[in-house]
Amino acid sequence: MKPLSMFTLVLTLFCLALASVAPAQSYKAEYKMSLVLGTAFPWGQGGEIWANLVRERTDGRINIKLYPGVSLVQGDQTREMSAIRQGVIDMAIGSTINWSPQVKELNLFSLPFLMPDFAAIDALTQGEVGERLFSILDNAGVVPLAWGENGFRELSNSRQEIRTPENLKGMKIRVVGSPLFLDTFTALGANPTQMSWADAQPALASGAVDGQENPLSIFTAAKLHTVGQKHITMWGYVADPLIFVVNKEVWNSWSEADQAIVRQAAVDAGQQQIGIARKGLVEEGLPLLQQISDLGVTISQLNPEERQAFVTATRPVFDKWKAQIGAELVESAEAAIAARVK
Ligand code: X2X
């Protein structure tokens, strides 16, 4: 062998060896985080906290930019999960409702009147049920890291006080995401119509729909009283947690140390975000309710009998969807809720 070709061979071998030991860490200049709501809302604030913690703790190796309004999927929030899997979105904080068309088990949280209080949400997300849902998400092709919260979804409308299913009869209600919501509102005698959050606000403003359901933190931040929403019923029928996730390829491109940082930052941000989402709803006197009634909105609290009428009317929907979600998972959830520490 000529000295030159010997040299080439050695060089080639050296390069090959180097390539196999050096981790393939080509970090992107920027990672895209998808969110439905921006930083005026607890949801977006959670995203901002997560992004800031990651930037600080990785000394800027991982830079995250927020894309609120699910703008990476043109506002179509039910396509977000597919876009994360495909890598159109690098990471997201998403509602279980918006991802439930692809991951049917996430409909668990949309079962009417499953969770009576905040402790019940925690019993699911912070316990064995939460772990099972994370392994389902992992199998579905994303990396789940932590839980956050959108919140208990209360009913608002422009027409009248609602205390009974009869009061809801024929009312046009905007709903989101899973067909489970169509079933629930149909069972209550309402006229549900599915649309994205982006379309919901103009539809409320024009009167194309009479009402909607969302956490009160969204009601105030989106100023829904200015689009005619004058009546709220506190019925706490469902609550949607948020989940912090990363696309698998992106995750695998990070060093183990950076993976640990991103995971811990998600857990820390999730805890803070849940505190923000519950603000005004857990303190003595429920200050958020006072703030909303000061805007001229009537807030109706249901007594146990009134609430029970809604539970009874939606029970067939619960039973139908229990089978679709998986009876065993739903029963584990019920057991965890029954055993919760209040
Ligand atoms: O669209 C909604 O109602 C919202 C913002 O709460 C969700 O994304 C589930």
Side-chain angles (χ1 to χ4, degrees), residues 33-47 66-84 89 91-104 106-112 114-115 121 125 133 147-157 172-182 184-185 190 192-205 208-225 227 229 232-233 235-245 273-274 276-278 281 288:
M33 183 198 295
S34 177
L35 307 151
V36 176
L37 301 174
T39 53
F41 300 81
W43 191 332
Q45 285 158 29
L66 274 52
Y67 287 81
V70 261
S71 57
L72 299 167
V73 283
Q74 293 74 48
D76 187 351
Q77 61 215 59
T78 55
R79 281 188 16 230
E80 189 179 48
M81 171 50 67
S82 309
I84 303 164
I89 291 170
M91 55 212 298
I93 305 177
S95 161
T96 50
I97 300 174
N98 296 331
W99 296 350
S100 61
Q102 290 81 32
V103 185
K104 69 177 186 348
L106 294 180
N107 280 299
L108 176 71
F109 299 98
S110 304
L111 284 175
L114 170 69
M115 298 174 290
I121 307 177
T125 58
L133 291 170
W147 295 92
E149 190 162 298
N150 197 16
F152 276 106
R153 303 178 69 88
E154 312 298 357
L155 183 61
S156 79
N157 85 93
K172 269 198 141 180
I173 305 291
R174 174 270 172 172
V175 295
V176 61
S178 160
L180 166 41
F181 286 80
L182 293 178
T184 298
F185 281 86
T193 157
Q194 228 171 39
M195 63 182 78
S196 71
W197 173 245
D199 292 339
Q201 296 168 85
L204 290 165
V209 296
D210 303 309
Q212 62 89 45
E213 44 78 66
N214 249 306
L216 295 185
S217 61
I218 293 186
F219 187 95
T220 49
K223 301 189 170 57
L224 293 188
H225 66 287
V227 288
Q229 297 295 290
I232 291 178
T233 301
W235 64 342
Y237 82 126
V238 303
D240 52 330
L242 301 177
I243 307 179
F244 292 59
V245 304
Q273 192 276 333
I274 290 171
I276 298 169
R278 293 182 186 180
L281 293 169
L288 185 57

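Start at 1 and go down the list; that is how both ligands and their atoms are numbered.
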Report summary line: Residue set satisfying side chain to side chain contact (heavy atoms under 4.5 Å, CB included) with Leu288, at least two apart, ordered chain then number -> Leu216, Thr220, Leu281, Gln291, Ile292
Report summary line: Applying ring-ring contact (aromatic ring centres under 6.0 Å, His included) to Phe109 and not counting sequence neighbours gives Trp147
Requested in this report: Below 4.0 Å from any atom of ligand 1, which residues have a heavy atom? Give them in chain and number order, please.
Outcome: Val36, Trp43, Gln77, Ser95, Asn98, Asn150, Arg153, Arg174, Val176, Trp197, Asn214, Ile218, Asp240
Query - Ring centers of Tyr237, Trp235 separated by less than 6.0 Å - result: yes
Report summary line: Residue set satisfying side chain to side chain contact (heavy atoms under 4.5 Å, CB included) with Arg278, at least two apart, ordered chain then number -> Phe118, Ile121, Asp122, Glu149, Ile274, Val282
Report summary line: side chain to side chain contact (heavy atoms under 4.5 Å, CB included) test vs Trp197 passes for just one of Val70, Leu37, Val176, namely Leu37
Report task. Output yes when a side-chain donor or acceptor of Gln273 lies under 3.5 Å from a complementary backbone atom of Asn150, and no otherwise. Result -> no
